[in-house]
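Have a look at the structure below, then the notes.
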Amino acid sequence: MFKKVIAIMTASILAASMLVGCGGSTGASSSAPAEEAAEETVEEEAEAPAEDAGDAAAEAVGGDLADKKVGVCIYQFADNFMTLFRGELERYLIEQGFAKENITIVDGANDQATQSGQIDNFIADGVDVLIINLVNSSSAATVTDKVVAAGIPLVYINREPDADEQQRWTDNNWDVCYVGCDARQSGTFQGEIIADLGLDAVDFNKNGKIDYIMIEGDPENIDAAYRTEFSVKALTDAGFEVNCLDDQVGMWDQVKGAELVANSLSQYGNDIEVVFCNNDAMALGALQSIQSAGRTVGTDIYLVGVDALTEVVEKVIAGEITGTVFNNHFAQADGAADAAINYLNGAGNEHNIQCDYTKVTAENAQEILDSLQ
Ligand code: GAL
């Protein structure tokens, strides 16, 4: 069941530090842990009309979805998770009645100037709705202004614009929303996967602490800061002492993840007990370096990621990766498409629509794998 909610985001959460280095991101303050955020979710059909549907929605004429043009901007095609996301988005849009030739999905190539040009082209082409995965979250206000000025409803995905920007959508009653998951929850689940092993199992060097390295994603996505902060917070909340040996930015990339973990392993060697990766692509890279260094996950080191890529879930089953967190691309893609449809048929949407992550360990990995296929 898809869940929607108006996220109550405090200024302190959205001011989460983008600093990297041990004690950098983890120092970001937050007053609402993932569990509380989860309690704020309201189970509700995504199709349900919102009370604050915007003006354009109220005037929408509806019509046959097969005639509607959808423009989709993805920040970068060369991203494993966003590849799954866009595949599901296209599949579901067609299932809902859109014509394949009316769905245009473009690659921002991780360049905001390129993406801004693509948005201009979509506006010039007169698309009926836009679904945008920003390259730079900080460009949200500019993008929103031009899309709203063109009278096109807008659904942001994956890279959440900040609280001030979302407040503008509410204040102006614009047909603009964000669909995504709360990354604090994914970080919390990563930390819990390690905490559940217990100190005796993790503390190989017997210093009484959990010694870890952190491989972060692109700071342009708040997911990176939240996963970094909340994975460690889950350990300290569970009463463990932690020791950050290294904290590096791997940009969600497998090759970078492998390089960074290889460097850390040569510098800190057997003192590294846990490798936290903000996503699975980097965890796959980390695993290559862990194995090259002669270390064995589950025996003398632990490794966790986020996304639940099929390859990673298979490795969780095989015991080669400790765990991951399912970043539900089905719920997010379908939710984004449903939000687009709600704008087109005049039902409107809440401005912030959230879904849940799922913890993946050896216990439920087969079940998750089955659900992915
Ligand atoms: C995250 C995902 C990463 C990467 C990123 C792109 O939610 O876990 O793997 O796809 O989005 O912004």
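Predicted, not measured: the structure shown is a model, and the values here were computed from it. Read the numbers this way: they start at 1 and go in the same order the structure lists the ligands and their atoms. Side-chain atoms are counted along with the backbone in the values below, which use heavy atoms only and exclude waters and symmetry mates.
With distances taken over non-hydrogen atoms, the option nearest atom 2 (C) of ligand 1 out of Asn279, Asp223, Val325, Asp307 is Asp307.
Assignment of Phe85 to the shell around ligand 1 is not supported, since no heavy atom sits closer than 4.0 Å. Not a single heavy atom of Val306 lies less than 4.0 angstrom from ligand 1. No heavy atom of Glu220 sits closer than 4.0 Å to any atom of ligand 1.
Close N/O approach between Arg159 and ligand 1 is found [any backbone or side-chain N/O within under 3.5 Å]. Note: an N/O pair closer than 3.5 Å links Asn221 and ligand 1 by distance alone. Of the polar atoms of Tyr75, none of the N or O atoms is found under 3.5 Å from an N or O of ligand 1, judged by distance alone.
Not a single donor-acceptor pair under 3.5 Å links the side chain of Gln190 to the backbone N or O of Ser231. Although no hydrogens or angles enter the test, the distance criterion places no donor-acceptor pair under 3.5 Å between the side chain of Thr322 and the main chain of Gly298.
Taking a cutoff of 4.0 Å between a charged side-chain nitrogen and a carboxylate oxygen, Lys256 and Glu259 do not qualify as a salt bridge. With respect to Arg86 and Asp107, no salt bridge is recorded, no charged nitrogen being found less than 4.0 Å from a carboxylate O.
When all heavy atoms of Tyr302 and Val297 are compared, the pair lying nearest together is CA-CG1, 4.5 Å.
The contact set between ligand 1 and Asn327, taken as ligand atoms under 4.0 Å from a residue heavy atom, comprises 2 (C), 7 (O), 8 (O). Within ligand 1, the atoms closer than 4.0 Å to a non-hydrogen atom of Phe81 are 2 (C), 9 (O), 10 (O), numbered from 1 in the order shown.
With a heavy-atom cut-off of 4.0 Å, His329 does not touch ligand 1 at all.
Checked by atom type, the side-chain pair Asn327/Gln332 shows a donor-acceptor distance below 3.5 Å.
Lys100 NZ: 12 or fewer foreign heavy atoms inside a 6.0 Å radius.
The nearest heavy-atom contact from the protein to atom 10 (O) of ligand 1 is Asp79 OD1, 2.8 Å. Remark: minimum distance from atom 12 (O) of ligand 1 to any protein heavy atom is reached at Asn158 OD1, 2.6 Å.
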- [ ] Start with the C-alpha gap between Trp169 and Tyr156, add the side-chain angles, then the distance that decides, and say whether ring pair (Phe, Tyr, Trp, His ring centres under 6.0 Å) holds.
- [x] CA-CA 12 Å; Trp169 312 341; Tyr156 283 113; 5.6 Å; yes
